[in-house]
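Heads up: the structure comes next, in structure tokens.
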Amino acid sequence: MTAKRILFLTPGIIFGIIAIYFAVGLTKDPSQLPSVLINTPVEQFQLAAIKGRANADRAWGLENTDFHGDVALLNVFGSWCISCKVEHPFLMELKRTSDVPVHGIDWREEDPDAGPAWLKREGDPYTLVGDDPDSKGAIAFGVTGAPETFVVDRNGIIRYKHVGPLNRDIWVNAIYPLVQSLRAQ
Amino acid sequence: MVAEAGHFALFLALFVACAQTVLPMVGAARNNAQWMDFARPAAVIQFVLVAFAFGALMHGFIVSDFSLSVVFQNSHTDKPLMYKISGTWGNHEGSMLLWVLILSIFGCAVAVFGANLPPALRARVLAIQSFIAVGFYLFLLLTSNPFSRQIPVPFNGQGLNPLLQDPGLAIHPPMLYLGYVGFSMAFSFAIAALIEGRVDAAWGRWVRPWTLAAWGFLTGGITLGSWWAYYELGWGGWWFWDPVENASFMPWLAGTALLHSAIMVEKRDTMKGWTVFLAIVTFSLSLLGTFLVRSGVLTSVHAFATDPSRGVFILLLLIIVIGGSFALFAWRGPTIRNTGVFQPISREGGLLLNNLVMTTAAAAVLLGTLYPLFLDALDGDKVSVGAPFFEAVFIPIVMPMILAMAVGPLLGWKRADLRFALSRLRLAFVLSGLIGLATWSLVTDGPFMGVIGLTLAAWLGLGTLVELAGRIRLFRVPFSESLSRLSRSPRSSWGMTLGHLGLAIAIAGMTGAGSWKVESIQTMSPGETVNVGGYDYTFMGAEDGQGPNYSYTRGTFTVTRNGQPVVTMHPENRRYPVRSMPTTEAAIHSLFLGDLYAVVGDADGSDGSYVTRLYWNPLVAWMWVGAIVMVTGAAVSLSDRRFRVGVPQRRKAELSPVAKT
């Protein structure tokens, strides 16, 4: 086999490899929940409040016990995360239009002022926000990237995980129906 | 009954397509003229049958026949007629039907306009076109039947996704598909050439206009999509490196490379194997684009059909079409011989550089788009590769090409004098440097990449104008002679000038919009004023109203600059009761240097305060203007009579058996 033949064979080989990945990819349900922590209680964590957002009557900005009592959303964001900026207007809309509390984890900020400044600029859609520079809260939820949004039921059990920017479609078709059924339980 | 007739027409089209795949191919191999000629009427019949099926589905939408489940899921009696019609392709089944309709239009065009093609080549091209069509007919009939009925018949439909009820998005899919499917022509010609073992100038001359047309449509389609995202999604963004966007961008990049390498085949009889490869790659990426959107193999923000069972079918189709053509390429490709030789510094060298950059860029986008899939397949981790990756990788790849793009057209074929070409660009160099410095001094706080981007855009634009001035010998001969040279210069070189100029304008727009955007989100009560980007927006309040099938809140802003009135803006926030989904209609006022962009959100309390988002989006209109100039370039180039008249003359000259390798 000459070098020229090998050269002409390369595109076919590369396509073959991609096709194998596609085949594997098709076996996976895209809506499947990728986290192993689904249907498990949120592990214990305590996060300090981000700057300028501390409450006098609370020791922490966000802790696992905050998820007891009502069905709530948890949104993982960061001022460094571009996709978070994409979903942000929708979170702001949720704050105005829905009664579901949305808590935030400000994840992996290098500068403690960056998150608060970002919320000031973009608007603050959160009920409670915890500062999570070293991923303590993120580990409790099994976060793999930002943005991610979780639905936690009133007993503090993680019920749903959405990876990537939240939008109206996901809210209308998946999250809101789930929240309603969890509330009805 | 109409729907059943449409369904039946699709079956008939499948049978015709099967015959059209087999008979002409065998006929071409056995030199049987009758079998070869079967392809032409068959292609026309296929078109008529698919057009009938498409018309039948459209009829279902127009008369709101809710016994068709596609119509039920995507339409509603209250919807304006225009969106009932566009609803035909605003869903998975209908859009696939549109896909085959366009494929059959192109097949029909070869049959009708291809009178001067060599009969064997024409027969093979039509057979391959038809082979692709067979795959898509089967896909439609087996997995995505647009004519499936449901009982009982619902009283009314579920309505079209409100985001899709928009004039821009109504024509976006047809444009995009004209581009995607248009590349099937280059593909069919490439496969036919591999089977014949022969690629010649006449081949290049045939492939180029089809590629150009497809490229023009794709450019238009991508721009429309981007424009839609800009004004409809309401956060002033226009490109998100979303998998669906990437799916249309990759064929564009590869198609741009193909466009340029086909020139070399036509004019210089070189780079033939590479051009065949690009033709296969471009159409493969178009198919992949369809696959990525339809199968759910990658989930995306605006995928509207995800169904893995369809994915399995499309994957098989991809393996047969793409895998098969690459196998053929590996087998027959090495026999293609090039006769043209050239030095690295030459027009060919410039075109080659374009090709390398474009394919590298397409590969980078492909990698970024598929990377989450690779990772997921390996260890089940879902990650998303966002804009930072694409920007970090894509921009450095493309930058040297923009530098070279101003130089390439000044180089002669075969061997050129780089120093001479550069000396002609002295003025362009100085002026673009000045523009860069001026930008830098005006916007000191913006990213430095913005300054570089504008400088490059100026360099490319001015360089293109220098080439044009040289061609018409501006200021060297009397002005009237320059004008007559201008009117006599071939349309295809006009196409190049407009294409490159359009890109320069678009790059300036992208740079401006990406670098110096100002945004401000706040609650405003009536009478309150906010300054954004040097303009004062005074909120005059908002009122509720009723549209044809939605209710709206319309805000009013009066915008002033230094006390001088500029414009009054009316952004809307619409609610469609059928889907209970709100949409934002941003108010946009385009100025030479940028867009004023206002969005009104929901009421905040009952004192008449509203959440508002105000943006200053610099140079955004330049992107749309640049794209229009590029598409115009493609259209002008297509009207070149050499494309129409030249082919038979060339063919006579080349019918001698020498060309067979």
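Within every chain, numbering begins at 1; the chains are lettered A, B, ... in the order of the sequence lines, protein sequences first and strands thereafter.
- Rounded to the nearest 0.5 angstrom, A:Ile14 CD1 and B:Phe326 CZ are separated by 8.5 Å.
- Contact check for B:Phe329 versus A:Pro11: side-chain heavy atoms found under the 4.5 Å cut-off.
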Exercise. Check the pair A:Arg96 / B:Val611 against side-chain contact (heavy atoms from CB on, under 4.5 Å), numbers first and verdict last.
Key: CA-CA 9 Å; A:Arg96 294 188 297 275; B:Val611 174; 3.5 Å; yes
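- Options B:Gly333, B:Ser520, B:Ala327 differ in how many heavy-atom pairs under 4.5 Å they form with chain A, and the most are formed by B:Gly333.
- When atom types are taken as modelled, the side chain of A:Arg5 and the backbone of B:Ala330 share a donor-acceptor pair closer than 3.5 angstrom.
- Going from atom CZ of A:Phe8 over to atom CZ of B:Phe277 covers 10.0 Å, rounded to the nearest 0.5 Å.
- The part of B:Leu366 that comes within reach of chain A is its side chain, from C-beta onward, which places non-hydrogen atoms under 4.5 angstrom from that chain.
- Across all their heavy atoms, B:Ile319 and A:Ala19 have their closest contact at CG1-CB, 4.1 Å.
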Self-check item: B:Glu519 and A:Arg121: CA distance, side-chain angles, deciding distance, side-chain contact (heavy atoms from CB on, under 4.5 Å) verdict
Solution: CA-CA 9 Å; B:Glu519 65 177 305; A:Arg121 201 170 64 238; 6.0 Å; no
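- For a residue to count as touching a neighbouring chain, one of its non-hydrogen atoms must lie under 4.5 Å from one of that chain's; by this rule A:Thr10 does not touch chain B.
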